[in-house]
Amino acid sequence: MSQAATSLSDSTPQAIRGAFLDFVDDPFYVAASESVRYIPDGLLVFQQGKVLAFGAYQDLHSNYGAIEVTQYSGKLMVPGFIDLHVHYPQTEMIAAYGAQLMEWLETYTFPTEAKFKDADYARKIASFFLDELLRNGTTTALVLPTIFPQSVQVLFEEAQRRNMRIIAGQVLMSRNAPDSLLNDAETAYGQTKEQIQTWHGNGRSLYAITPRFAITSTAEELALAGKLKREFPDVYVHTHMSENLKEIELTAKLFPDCKDYLNVYEQFGLVGDRSVFAHCIHIDDSAFQRLSEAGAAIAFCPTSNLFLGSGLFKLGQAKSSQYPVKVGLATDVGGGTSFSQLQTMSDAYKVAQLQGESLSVFKAFYLATLGAAKALALEDKLGSFDVGKEADFIVLDLQATPLMALRNPVPHAESLDQLAEKAFAMMILGDDRSIVATYVAGNLASIPT
Ligand SMILES: [Zn+2]
């Protein structure tokens, strides 16, 4: 097994100076003045991959005078983005034309995923995928591999080579897909159990029990997934729910005794505070309430939902104060059309606009940082610059293109209002070109060009 990447610089404190943005509370419920932390001239000190000190430069610099400081003038530092739902084997079939979910799976996705039986091939794509995440400023992701154990192993190995905190688990599929992508439920149970024992909590790796969705699992397989969750309560459950109307119709036929889609997962013990459900577009008040009460999370995938014509996620209802549900932003590549969480925020804004709501830049950034960390119950480790957290962060350029430079002639913001205006333009116009640097556990990631 590969060891987590280390470097000599790990033991020596390092510091970054510049403008920092993160969150101390949820801007959906608490005013920006109380929930957003913006330090126009800040200092971040980190050592051995963790934050040692964070605050205003003038308050901290005298304590750390001997430390070498890297200065990013006119840039904006934010916590590394978290992608709450993404398929690494679909990297090479992103942007496939002309189909909605069920036909899209049959035509493009399943034939591509079958190739991941070959471990060398899987490693090549896993490696590209992880570099692409880093190129886009994403330092943590909840990832679906395929039904093949080797596709899980190479992903974790490559993530550990980069010291990235990646959460993943073997995809469980036992019916309603080509034979090449079906596994026997008992065999998959044994393979999953072995992988949990190998990978969960190994370095920065964490494991998720991953039935693809209700349609491709038999009741026996979902029961075994529930058994695994009882045996290993601190692993995650990760799946899809209520993305597309035809999918929902077929699910209802396959599980006639369940009162709705969520109830399928409830019946098998798969709904709890470490469960992440991608999409949840066509769900009713009762399902929102039950997700809220269970402490479960939704991965909001706007580029995918628009591209596949799935529908508009009701973000306003999910973040209501009556039955609040944890929500994180996700690319859902290859149903999604970009690895960039900035592009994903831009489409999230449009999905909200189509429902008469405006998503502020702070709410959008929250969904891709601290909000997603909370959805994963990892807010003690990720999602902000709090002392003791892991030093995963990125450096953003508000003038990354000629158009962005024209739009933001002065990149630096002194006040929260100024920042809101400038950062919003970046979120709408920006992409991987806005990512100047990605730091993973305090080390500057080297990304192939
Ligand atoms: Zn998906």
Side-chain angles (χ1 to χ4, degrees), residues 82-96 99-113 116 125-126 129 132-133 138 140-147 151-152 155 166-173 176-177 181 208-217 225 236-248 250-251 261-262 265 270 275-283 296-313 327-339 341 343-344 347-348 351 367-368 372 375-376:
I82 297 170
D83 187 339
L84 201 56
H85 175 79
V86 58
H87 301 248
Y88 96 78
Q90 296 175 14
T91 302
E92 59 180 310
M93 51 139 297
I94 189 169
Q100 292 214 349
L101 178 67
M102 302 307 285
E103 301 75 33
W104 178 84
L105 286 171
E106 279 163 33
T107 313
Y108 302 113
T109 312
F110 290 155
T112 306
E113 291 193 5
F116 286 72
I125 300 295
F129 165 83
E132 195 63 18
L133 290 182
T138 297
T140 281
L142 177 56
V143 184
L144 286 96
T146 67
I147 68 152
S151 74
V152 182
L155 176 68
I166 291 291
I167 308 165
Q170 182 170 319
V171 176
L172 306 176
M173 294 168 73
N176 293 321
L181 280 183
I209 299 163
T210 311
R212 177 175 216 114
F213 59 170
I215 290 172
T216 45
S217 283
Y236 296 89
V237 172
H238 179 204
T239 187
H240 299 87
M241 184 164 77
S242 293
E243 175 177 3
N244 172 284
L245 294 174
K246 276 193 195 166
E247 169 215 4
I248 294 166
L250 181 53
T251 302
Y261 203 147
L262 177 59
Y265 297 131
L270 296 170
S275 301
V276 178
F277 298 98
H279 307 301
C280 300
I281 295 170
H282 310 282
I283 66 172
I298 296 173
F300 172 26
C301 313
T303 74
S304 170
N305 299 159
L306 294 171
F307 181 69
L308 293 176
S310 303
L312 304 176
F313 174 63
V327 178
L329 203 61
T331 65
D332 192 29
V333 164
T337 51
S338 173
F339 276 92
Q341 284 286 44
Q343 286 287 291
T344 308
D347 274 6
V351 166
L367 293 177
L376 292 167

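As the structure lists them, so they are numbered: ligands from 1, and atoms in each ligand from 1. From a predicted model like this one, the values you see are computed outputs, not experimental measurements.
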Taking both backbone and side-chain atoms into account, decide whether His85 has an N/O/S atom under 2.8 Å from the Zn ion (ligand 1). yes

Donor-acceptor pair between Thr331 and Asp83 side chains, under 3.5 angstrom: yes

Would you say the side chains of Thr239 and Tyr265 form a donor-acceptor pair under 3.5 Å? yes

So does Asp332 have any N/O/S atom less than 2.8 Å away from the Zn ion (ligand 1)? yes

Metal site the Zn ion (ligand 1): N/O/S of His240 inside 2.8 Å: yes

Ser151 and Thr146 side chains, donor-acceptor separation under 3.5 Å: yes

Using modelled atom types only, decide if a donor and an acceptor are shared between the side chain of Glu247 and the backbone of Glu243 within a distance under 3.5 Å. yes

